[in-house]
There are 2 protein chains.
Amino acid sequence: MNVVNLKRKRFLEVSLKLIHEKGFKGTTMRDIATQLNCDVANVYNYVDSKQALLEEKLFEISGAFHESINNILISSYSPVDKLKAIVSFHIQLTSRRPFEVALLVNEWRNLKEPILSKFLEEKGGYEDKVRSIIKEGINSGVLRDMDLEIATFAMLSSIRWLHDKYTDPAKTVNPIELEKQISDFILEGIRA
Amino acid sequence: MNVVNLKRKRFLEVSLKLIHEKGFKGTTMRDIATQLNCDVANVYNYVDSKQALLEEKLFEISGAFHESINNILISSYSPVDKLKAIVSFHIQLTSRRPFEVALLVNEWRNLKEPILSKFLEEKGGYEDKVRSIIKEGINSGVLRDMDLEIATFAMLSSIRWLHDKYTDPAKTVNPIELEKQISDFILEGIRA
DNA sequence: GTCTATAATTCGATAGAC
DNA sequence: GTCTATCGAATTATAGAC
């Protein structure tokens, strides 16, 4: 990797960390420049605009989630194993790219039309895919006959906040152990 | 209620709805004025500053959560019934004041020091109380012997996003049914 | 790539007349 | 309470010299 890309990589790291701390609107190009020890104008060497930065990183990490769930959907896994696999790659992506996942969860509201609509459509599509797996499980009897909508909602909520465990170095958890604990929570609950 | 308070009530409704849609930083005093069909200057009849609005509503709804969980803590309920009661009042507060709950979940990052630290301390205290109930349940054997930290985290995640179901009129769910579904999810999971 | 300087806009908040 | 007018500060982004 050449010097230019190393500098851009550092720019992205600093930007994502600042956005996580102060929010997208609360992070100024000056904040980023200060962290990079350079002037505001230099930031535009790495990105066309603040909005372009948001769109680039957000759809990049979003694409990684979609790619993973698509591979699971076309697999021959059982519904339960599909759900386990979803938990697994959520934790993997989140542990490896916590600040990008945090961006995806926290900052999509800052997208502007028509890109916002495009994102919401993709987001809905992702939820539809999870719903279809749970529906399959309920229909075949391996999952309880609970409200499909709430089951999907609860399942996704249980894994949507994992980035909190990885954006803070003090909280870091072993991904393998976390995967087992979260899968057990979703499948078996907490009652003994 | 006199005319002044009716107008302030409408101001608060409009403000909270706009903040939910566009975020705190993304909502301008001019946006609020436009929705109220008045000028920017009039907005300051109802609140001293934008920051004061955030602090007032955020600590108000936060206080409601703390009051509820404190009542549960000192009750003679079993650990499982305490957790059920937590789910219950989360859903009640969320269904009755969805935009205030959304503010609490989404916008606390916009608080400024030293108030931010005060909030984070209270937030940590709330999580500690939930953790203590789960610990009691694990120790007495009524809950599975899972990682205490992850159990607390997963439990809270499962109820933290309920406001999504009530800020959108199209999604509204029967609170009583939702309460049973969420409690079952947390206690028993989704496996048949 | 880096800097200085600045354009163009937007925002929170206030003053003061009615 | 409502309005007009405006201040002062902050922000994104660009122009142009080095």
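The figures here come from the full heavy-atom set of this structure, side chains too, leaving out hydrogens, waters and symmetry mates. Below, read A as the first sequence line, B as the second, and so on, with proteins coming before strands; counting in each chain starts at 1.
Note: CG (A:Asn37) to P (C:dG1) measures 16 Å, nearest angstrom. B:Asp39 has its CG atom 6 Å from the P atom of D:dC3, to the nearest Å. In this structure, the CG atom of B:Asn42 is 15 Å from the P atom of C:dA13, given to the nearest Å. In this structure, A:Arg10 atom CZ and C:dG1 atom P are separated by 15 Å, rounded to whole Å. Atom-to-atom, CG of A:Asp31 to P of D:dA10 comes out at 12 Å; the value is rounded to the nearest Å. Computed from coordinates, the A:Leu6 CG to C:dG1 C1' distance equals 15 Å when rounded to whole Å. With rounding to whole Å, B:Asn45 atom CG is found 15 Å from C:dG12 atom C1'. A straight line from OH of A:Tyr46 to C1' of D:dT14 spans 18 Å, rounded to a whole angstrom.
With C:dT4, C:dA13, D:dG1 as the choices, the nucleotide that has an atom nearest any side-chain atom of A:Ala41 turns out to be C:dT4. Listed candidates were C:dT2, C:dT4, D:dA13. Nearest to the side chain of A:Tyr44 is D:dA13. When distances are taken from the side chain of B:Cys38 to each of C:dG1, C:dG12, D:dC3, the shortest belongs to D:dC3.
Among residues at least two apart or in separate chains, ring pair (Phe, Tyr, Trp, His ring centres under 6.0 Å) pairs with a member in residues 166-192 of chain A are A:Phe185-B:Phe185. Applying the salt bridge (charged side-chain N to carboxylate O under 4.0 Å, His left out) test to residues at least two apart or on different chains, the pairs with a partner in residues 77-90 of chain B are B:Lys82-B:Glu136.
Shown for residues 17-28 of chain B: residues whose heavy atoms fall under 4.0 angstrom of DNA chain C, namely B:Thr27, B:Thr28. Against DNA chain C, the stretch residues 47-58 of chain B makes heavy-atom approaches under 4.0 Å through B:Ser49, B:Lys50.
At a threshold of 4.0 Å, the pair B:Arg191-A:Glu188 counts as salt-bridged, since one of the basic side-chain nitrogens sits closer than that to a carboxylate oxygen. Salt bridge status for B:Glu121 with B:Lys118: absent, with no side-chain N to carboxylate O gap under 4.0 Å.
Partners of A:Glu13 under the side chain to side chain contact (heavy atoms under 4.5 Å, CB included) rule, at least two apart in sequence or in another chain, are A:Lys9. Residues passing the side chain to side chain contact (heavy atoms under 4.5 Å, CB included) test with B:Ser49 are B:Gln51, B:Ala52, sequence neighbours excluded.
In this structure, A:Lys50 fails the cation-pi test against A:Tyr44, since its NZ or CZ atom is not both closer than 6.0 Å to the six-membered ring centre and inside 45 degrees of the ring normal. Taking the ring centre of A:Phe153 as origin, the terminal cationic atom of B:Lys165 falls inside the region bounded by 6.0 Å and 45° from the ring axis.
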Inset, instruction - Using the side chain to side chain contact (heavy atoms under 4.5 Å, CB included) rule, take B:Thr167 and B:Val101 through it: C-alpha gap first, then chi angles, then the decisive distance, then the call. - result: CA-CA 10 Å; B:Thr167 47; B:Val101 174; over 6 Å; no

